[in-house]
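First comes the structure, then the notes that go with it.
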Amino acid sequence: MLSPTDERAQAEFEPTIVAFLCNWCSYAGADLAGTQRLTYPANVRVIRVMCSGRVDPGYVLQCLLQGADGVLVSGCHHGDCHYVCGNRIAERRVTVMRRLLEFVGVEPGRVRLTWVSGAEGRRFARVIDDVVRDIKALGPFHGFERRAS
Amino acid sequence: MTRMANPYVPRRARIESIRDECGGPRPVRTFRLAWADEPTAPFDFLPGQCVELSVIGVGEIFLSIASAAEDGDRLELSVMRVGRVTSALHALEEGEIVGLRGPYGNGFPVAGWHGSNFVLIGGGIGQAPLRSLLHHVLAHRDDYGRIQVFHGARSPEAMIYRDELEAQAASTDLDVYLTIDWKMGDDGPLDEDAREGWPRVALDDPVTTEVAPGQFRFTGFVPQVVDAVSPSCGDTIAVTCGPPVMIGLAVQSLERLGFRPEQIYTTLERRMKCGIGLCGRCNLGPQFVCTDGPVFSQQQLLALPEAFA
Amino acid sequence: MKAVIAREDVGRLLAIAARRDELHVPVLDGGGGRFVPLNAEDPVPRDGLMLNGSSARRPPKEVLFAQTAPLFAFELRRGDFSIDELPPEAATKVLFGVRPCDGRGFRVLDSLLLGKCGTDPAYASARQGSVLVGIGCGRPGSDCFCTSVGGDPHGTDGLDVLATDLGDALHLESLTDGGEGWLRAIAAAVDSPLTPANPETDQRCREAHEEARGRVPRHVDLEPLDAVLERAFDDELWDDLAAACIGCGACTFLCPTCRCFDVQDEVRGDRGLRVRVWDSCMFREYTQEAGGHNPRPRRGMRWRNRFYDKFRWGAHDGQPACVGCGRCITHCPSGVDLIDLVERVVESGGAA
Amino acid sequence: MSVPAALDRHLRDLLSSGQVRCVLGPAAGCGPRGTAHLARTPEAVDRFELSPLACANVLVHLTSEEARRDDARRPVAVLARPCETRMLNQLLSERAIERDELHVVGLGGCRGVIDSRKLRERLPELRGFPEVREEGDTFVIEGEGMEPVSVPRNELLLDRCSGCDISEPLFHDHTFPLADAAPTSAAEAECAPEPSDEGWDYWADQFERCIRCYACRDACPLCYCEDCVLDRLRPMWVPRSVSLKNNTAYQLIRVLHLSGRCTACGECEQACPVDLPLLTLARKMEQEMRELYGARSGFDPEGRHPMSVFDPNDPEGTDFEEQGR
């Protein structure tokens with residue numbers, strides 16, 4: 001059971017989330033969300049990559065090691081990848097990464113994958129809403145340190 | 001318990017000025033440093049001694065000092081950009097602060113060299129410790145005899161201290177011989193015209209090269225120029241520093257000229273970490289380059305394993 | 001001072017020792033054993049305490065010479081920095097259950113880290129006042145060869161107190177002033193379980209020592225080695241000897257006398273630490289220069305360096321820097337046997 | 001002689017005829033463990049040892065920096081157990097080695113090898129490299145100065161061997177039977193238990209013990225990069241400091257770089273001087289690759305890395321659509 005202090009800490013917890021957005025779709029989607037003046041939580045630090053397939057699972061791991069509570073990888077919808085199939089490769093890599101993390105006791109929900117096109121500003125905002133909500137629910141990540149007993 | 005001084009902690013030093021020595025893929029810059037905190041008393045050190053220079057947050061490197069204590073209260077370090085720390089150092093600007101500790105190593109045994117002549121043979125960045133020695137010797141000019149300086153680089157553009165050495169060449173007090181590498185083809189040096197103003201040494205038999213009076217520029221490898229000039233070994237100390245291959249060949253040339261192992265000195269380089277004989281990696285057999293060296297006589301090196309590796 | 005303690009009272013002794021000083025004991029940890037701190041409030045581990053049988057796989061050197069130790073802290077500012085020196089460790093460290101080979105290992109470490117050139121302050125402060133309570137090896141491990149390198153299963157060199165296992169009891173004897181002080185303090189504690197030694201226990205002690213000496217399983221004759229090493233350096237044999245080596249650092253990290261380290265800056269934001277971390281001469285990067293040159297490019301050369309360092313260059317007080325603990329043999333991932341190699345080197349005769 | 005006569009002759013012929021530049025295979029190491037042996041001359045063939053105790057994975061020496069120094073193009077002969085031919089296939093698919101650089105001497109009828117640690121624990125008094133005979137479902141161990149001891153096979157088998165489903169080489173240039181084909185008993189053919197999900201506290205206990213000696217990486221035949229990211233200083237993917245966090249980073253990066261390539265040979269775990277359960281991680285990843293993408297490393301020398309291809313029927317990797325908006 002959470003003590004009152006813990007509950008407050010949890011309520012105030014603002015996760016740090018790193019989002020790798022592909023240049024051609026998701027980054028444009030984020031841009032559109034901005035120009036449409038859509039509001040979404042400010043917990044996300046965006047890193048623009050040329051393709052979601054460029055995101056090495058090692059990058060995801062580095063984010064978690066260096067203090068992120070969650071990582072989002074977002075690329076083009078199936079069939080829309082600027083590089084034909086980079087997003088499908090990303091799908092495999094992120095999936096495997098999640099399975100590995102889960103095996104060593106990290107909630108797989110801390111690593112998320114989604115597809116957002118350049119026309120989907122509204123969807124981008126919703127994705128961020130969802131991710132932030134879910135990672136808030138998971139609480140702060142232990143950063144591969146011992147959990148205080 | 002008395003608390004001992006932590007030997008790993010550097011002092012703050014300010015970069016007073018930065019001078020570009022050469023460009024290219026491995027540029028060299030000379031950093032002029034002064035203590036940033038009291039006491040600002042000058043470093044006392046022997047030519048050939050070293051310091052540990054820190055770019056805090058990146059790392060620390062062991063460097064030969066390129067100036068002499070007699071140059072005043074500023075310390076000069078010439079650094080080639082080759083790795084992580086040297087790249088970070090090259091990115092710094094005048095006025096910024098670095099960490100400095102030392103001096104370390106034995107330095108050249110100059111006190112025992114009074115009255116000697118000198119043959120200094122340097123290649124590339126290996127000229128830095130020789131510059132320290134040269135500045136020291138020039139500051140005590142009357143204590144020493146004839147000085148011959150050989151210095152080589154890949155090209156005139158890649159030659160460090162060129163202006164300084166050419167100015168010294170113009171003086172009558174010391175003999176300077178500058179050389180640039182042969183242009184290389186698949187089968188060795190190309191026998192095409194050397195760069196203008198840098199006449200070739202005789203490729204097959206450098207000793208037959210005619211050296212015009214006052215000539216100080218050559219095309220040829222450093223040991224070949226030594227062969228061409230053929231310095232005398234009488235009462236002479238030869239000091240060489242540079243790439244291992246160059247040192248090896250220069251020593252051979254010196255031996256042909258009659259230099260004995262105890263007349264030939266080298267300052268060595270190894271990968272270093274602590275600089276104070278603790279971390280273990282710079283060993284030549286039972287000795288450490290950082291504390292027992294970096295200056296060794298050829299006589300000492302002959303008895304040490306891996307000295308020529 | 002000599003004293004005896006019943007085996008079932010060892011826990012009480014450790015509890016007293018832990019109240020006085022920072023106490024480290026060898027325990028099985030799922031990885032073959034290592035020294036861990038024992039707090040006075042902690043229950044003394046019963047099954048896991050490694051006082052009989054084999055030595056802890058990780059030698060106690062890491063207690064006094066930590067694998068990772070900060071040298072200082074720093075804070076970066078624009079084009080500048082400040083340095084915070086870290087306070088030295090103040091607590092007196094007592095290591096209970098040090099094997100005689102590991103005790104001798106500290107003598108080698110002392111000569112290297114408190115040496116003529118410089119002193120490592122972290123090691124010096126951890127070592128200052130430290131008390132090494134040794135325990136003799138009644139049953140030496142499968143690759144032990146301490147008697148071949150000048151040691152003994154009950155050797156006293158480097159230890160402050162030596163415990164001898166008498167089966168139902170431990171016989172404790174102080175060897176240095178530090179050990180004497182510690183043992184007296186334990187004896188003086190209100191609930192001390194120590195009883196005085198007597199001629200009978202002394203006699204059993206001598207017998208145990210004699211018996212253990214005969215149980216050291218492996219032997220190697222080092223007598224001819226030095227003469228061979230004198231001329232074997234440039235022999236081609238080293239590449240052959242190192243053929244099965246995979247170039248990892250297991251042998252050096254488990255060695256009670258290896259101390260090589262790397263120094264790295266580790267930064268997070270504008271704060272960081274300069275740390276000292278164990279390194280291994282078996283790694284290629286160990287001597288790799290930034291400019292690309294490597295004076296020891298081949299595994300055979302790196303092997304040769306370790307071999308010479310253990311048996312020739314690192315020699316200390318006329319003894320090799322190898323203390324014969326056998327860890328590098330038992331735990332070599334590729335089954336390389338140091339003793340076998342010594343014999344092969346000797347056999348080669350250094351016929352360069 | 002520790003190698004059957006026909007095999008011994010074959011190896012000597014290979015070397016004396018100059019068909020191969022050397023033979024790589026297992027030999028007796030120190031104590032009850034195997035080591036790798038490289039025979040360059042016919043006489044050196046004597047040292048090979050095919051006992052179930054000589055189980056060092058010798059293939060790491062094919063791809064090591066040292067092996068590549070030898071630039072002669074004549075093939076290397078390899079004594080390979082069936083699981084090792086699987087590793088060879090994987091190396092071929094990655095073009096870490098070319099087929100014409102290899103002469104594979106497959107060892108057929110493999111019934112598994114002995115974990116020297118288990119043997120040591122079972123018989124702590126054992127000294128030297130013992131003789132091992134297989135009698136039905138037991139190993140008979142005969143050590144120096146001790147009576148022969150029978151131990152049930154399943155108590156000594158290497159973890160990687162229980163549940164192994166390849167008892168014959170996947171490919172070979174020559175093959176020799178290790179023993180008269182004795183079918184493995186049903187109990188042994190049972191699959192190893194599935195890696196269980198132990199949670200972070202368990203793995204923290206494990207990774208915290210890692211001493212970062214790099215033995216797991218250096219023992220791995222698939223870790224052959226000349227410039228390993230784990231050694232890099234710029235950028236420093238894993239700080240040198242030994243701590244739970246950095247050790248975890250080290251192990252996870254290692255595992256990630258092997259995912260889809262690892263054949264779960266278990267050499268990492270065998271090499272680990274502090275007994276980290278690294279085969280568990282390897283097995284888990286192998287199982288995931290099979291479940292998710294039907295990918296099994298080392299069965300197709302032309303196969304592509306499952307992390308660099310995709311299949312239209314891949315399981316959906318995103319979980320946003322399900323949340324019904």
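Note on naming: letters A, B, ... go to the chains in the order of the sequence lines (proteins, then strands), and numbering restarts at 1 for each one. Worth knowing before you read on, the calculation uses all heavy atoms, side chains too, and leaves out hydrogens, waters and symmetry mates.
- When each of D201(D), V309(D), V229(D) is scored by its heavy-atom pairs under 4.5 Å with chain A, the top score falls to V309(D).
- Using a 4.5 Å heavy-atom cut-off against chain A, the contacting residues of residues 249-268 of chain D are A249(D), L252(D), I253(D), V255(D), L256(D), S259(D).
- In this structure, no portion of Q206(D) lies under 4.5 Å from any heavy atom of chain A.
- In this structure, the portion of P315(D) lying under 4.5 Å from any heavy atom of chain A is its backbone and not its side chain.
- For V96(A), the parts lying near chain D are the backbone and the side chain together; criterion is any non-hydrogen pair under 4.5 Å.
- Remark: R92(A) is not positioned above the aromatic ring of F310(D), lacking an NZ or CZ atom under 6.0 angstrom from the ring centre and at most 45 degrees off the axis.
- At a 4.5 Å heavy-atom cutoff, N247(D) makes no contact with chain A through either its backbone or its side chain.
- Considering only heavy atoms from C-beta on, T318(D) stays 4.5 Å or farther from R112(A) through its side chain.
- Between F144(A) and L244(D) there is no side-chain heavy-atom pair separated by less than 4.5 Å.
- Side chains of L100(A) and M285(D) form a contact here, defined as non-hydrogen atoms less than 4.5 Å apart.
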Taking it one step at a time, do L281(D) and V104(A) satisfy side chain to side chain contact (heavy atoms under 4.5 Å, CB included)? CA-CA 9 Å; L281(D) 279 173; V104(A) 297; 4.0 Å; yes
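- For E91(A), the parts sitting under 4.5 Å from any heavy atom of chain D are the backbone and the side chain alike.
- The contact between D205(D) and chain A is made by backbone and side chain atoms together, counting heavy-atom distances below 4.5 Å.
- For CZ of R117(D), the number of neighbouring non-hydrogen atoms (other residues, nucleotides, ligands) closer than 6.0 Å is greater than 12.
- Atoms CH2 and CG, from W237(D) and D56(A) in turn, are 5.5 Å apart once rounded to the nearest 0.5 Å.
- Put simply, of M97(A), R98(A), H78(A), R99(A), the one with the most heavy-atom pairs under 4.5 Å next to chain D is R99(A).
- Separation of atoms CE (M307(D)) and CZ (R93(A)) is listed at 7.5 Å; rounding is to 0.5 Å.
- Summarising the local packing, CZ of R99(D) is surrounded by more than 12 heavy atoms from other residues, nucleotides or ligands at distances under 6.0 Å.
- Here the CZ-OH distance, from F103(A) to Y202(D), works out to 8.0 Å after rounding to the nearest 0.5 Å.
- For R120(D), the CZ atom sits in a packed shell: over 12 heavy atoms of surrounding residues, nucleotides or ligands are nearer than 6.0 Å.
- Only the side chain of L61(A) comes within contact range of chain D, with heavy atoms under 4.5 Å apart.
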